[in-house]
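Lettering follows sequence order; numbering is per chain, from 1. As a basis for the values below, the full set of heavy atoms in this structure was taken, side chains included, without hydrogen atoms, waters or symmetry mates.
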There are 2 protein chains.
Amino acid sequence: MTQSPESDSRTDTLRQSIRAAGLRVTVPRVAVLEALQDNPHSSAEKVTDKVRPVLKGTSSQAVYGILAALTGAGLVRRFDPAGSPALFECRVGDNHHHLVCIRCGAIKDVDCVIGAAPCLTPSDASGFAVFAAEVTFNGLCRECQDFSTPEHID
Amino acid sequence: MTQSPESDSRTDTLRQSIRAAGLRVTVPRVAVLEALQDNPHSSAEKVTDKVRPVLKGTSSQAVYGILAALTGAGLVRRFDPAGSPALFECRVGDNHHHLVCIRCGAIKDVDCVIGAAPCLTPSDASGFAVFAAEVTFNGLCRECQDFSTPEHID
DNA sequence: CTCCTTATTTTGAGTCATTCAAAACAAGAC
DNA sequence: GTCTTGTTTTGAATGACTCAAAATAAGGAG
């Protein structure tokens with residue numbers, strides 16, 4: 001027989017990274033990580049929606065807790081666009097930035113031109129010890145420039 | 001007799017700028033703007049607290065409405081630090097950035113090194129029309145580096 | 001494999017920031 | 001001064017997230 005879906009290579013890799021981060025490997029945690037890999041820039045609610053079909057009784061509180069644990073462990077990155085719930089993504093450690101469409105909310109990653117975090121240094125840090133620079137570009141995505149109605153919004 | 005406090009020069013300037021922005025000049029609007037000049041980086045709640053002693057029956061809903069109107073008119077700038085309520089400031093149009101202490105929440109303005117908005121250009125805008133780059137530097141303020149207890153927090 | 005300890009998730013309720021809607025009110029053009 | 005329309009008040013509701021206690025499951029010990 002073929003391997004069960006539970007032991008495919010992506011799942012295994014995920015389980016290993018959770019373990020390596022010092023966290024217990026649980027079914028909901030793996031499911032959240034997979035949902036996040038398939039849907040970058042998801043809100044806690046969206047993650048819950050993606051995970052529910054797979055894992056029936058998953059509460060949204062659990063998802064919040066899992067997301068907080070994974071973020072704390074450095075497996076997930078969180079960012080808070082203005083006027084939107086917090087969004088999460090698996091792409092971590094590369095100090096990339098975000099392009100946000102102020103009309104439809106679409107998000108695109110942009111590589112950091114400069115390099116490692118903090119990719120920028122403030123002109124006058126006023127005694128602050130700066131760890132990271134969060135850069136968010138606000139604009140209109142191509143669809144929102146072209147069309148008057150945001151039909152492309154999911 | 002001397003001039004009444006209501007007609008001092010700051011108030012007059014404020015009234016004029018509100019008018020110039022196409023908005024009606026009202027007592028609460030002027031009070032919010034003054035509170036914001038005296039307390040940059042204030043949340044809606046803090047503004048309400050500052051305005052209340054002067055203007056007894058000001059509702060927090062009114063403050064939200066006023067802040068939204070002033071922000072829309074370009075007289076006030078709003079920004080949303082992660083994990084904090086939205087903050088407002090009068091310093092507009094100069095594309096400055098913010099230094100945020102991740103421990104005590106202290107905020108400092110930093111002048112933009114580059115220049116006019118958007119002060120940065122993403123490496124690959126992917127079709128987005130970028131208007132502005134929001135830059136937030138996360139770090140620890142001097143007090144939070146020096147002391148183990150954040151006694152300086154107001 | 002089974003038990004045990006402790007981390008994690010569920011369940012249920014609560015909080016904070018913010019928004020909505022309708023009625024009362026006030027700015028400022030005439 | 002009056003009238004029109006933009007503002008604020010009043011009262012209620014929503015969304016995003018957090019807290020706490022009880023139930024459950026991960027994974028090391030035996």
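A straight line from NZ of B:K46 to P of C:dA17 spans 14 Å, rounded to a whole angstrom. A:R24 places its CZ atom 5 Å from the C1' atom of D:dA26, with the value rounded to the nearest Å. Taking atom CZ of residue A:R29 and atom C1' of nucleotide C:dT10, one finds them 14 Å apart after rounding to whole Å. Distance B:R15 CZ to D:dT7 P: 14 Å, rounded to the nearest Å. Atoms NZ (A:K56) and P (D:dT24) sit 18 Å apart, rounded to a whole Å.
Rounded to the nearest 0.5 Å, atoms CG (A:L120) and CZ (B:F137) are 5.0 Å apart.
Panel note: side chain A:R29, backbone A:R24; a donor-acceptor pair is recorded below 3.5 Å. Side-chain atoms of B:R78 never come within 3.5 Å of backbone atoms of B:A86 as a donor-acceptor pair (strictly under, hydrogens ignored).
Across the interface with DNA chain C, nearest-nucleotide mapping of B:V25 and B:Q61 shows B:Q61 to be the residue nearer the 5′ end. Comparing B:G22 and A:Y64 along DNA chain D, the residue whose closest nucleotide (by nearest heavy atom) sits nearer the 5' end is B:G22. Mapping A:P28 and B:S43 onto DNA chain C by nearest heavy atom places A:P28 at the nucleotide closer to the 5' end.
No side-chain heavy atom of B:F88 sits less than 4.5 Å from a side-chain heavy atom of B:V32. Contact check for A:E34 versus A:L14: side-chain heavy atoms found under the 4.5 Å cut-off.
Residue-level contact check: B:G65 touches neither bases nor backbone, having no heavy atom under 4.0 Å from any strand. Nucleic acid contact class of B:S60 (heavy atoms, under 4.0 Å, all strands): none.
In this structure, A:E45 places its CD atom where only 12 or fewer heavy-atom neighbours from other residues, nucleotides or ligands lie under 6.0 Å away.
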Show me the protein contacts with nucleotides 28-30 of chain D, counting only N or O atoms at under 3.5 Å.
none

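Residues of residues 66-92 of chain A having a heavy atom closer than 4.0 Å to DNA chain C, listed by number: A:I66.
For the OP1/OP2 pair of C:dT9 and a distance below 4.0 Å, the side-chain nitrogens and oxygens of A:T26 include at least one atom meeting the criterion.
A side-chain hydrogen bond (donor to acceptor under 3.5 Å, both in side chains) check over residues 115-135 of chain B, counting only residues at least two apart or in different chains, returns the pairs B:D124-B:S126.
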ask   = Could you walk me through whether B:D109 and B:R91 pass the salt bridge (charged side-chain N to carboxylate O under 4.0 Å, His left out) check?
value = CA-CA 9 Å; B:D109 287 343; B:R91 193 176 158 187; 3.3 Å; yes
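The aromatic rings of A:F79 and A:H98 sit parallel to each other, their planes meeting at less than 30°, with 60° as the upper class boundary.
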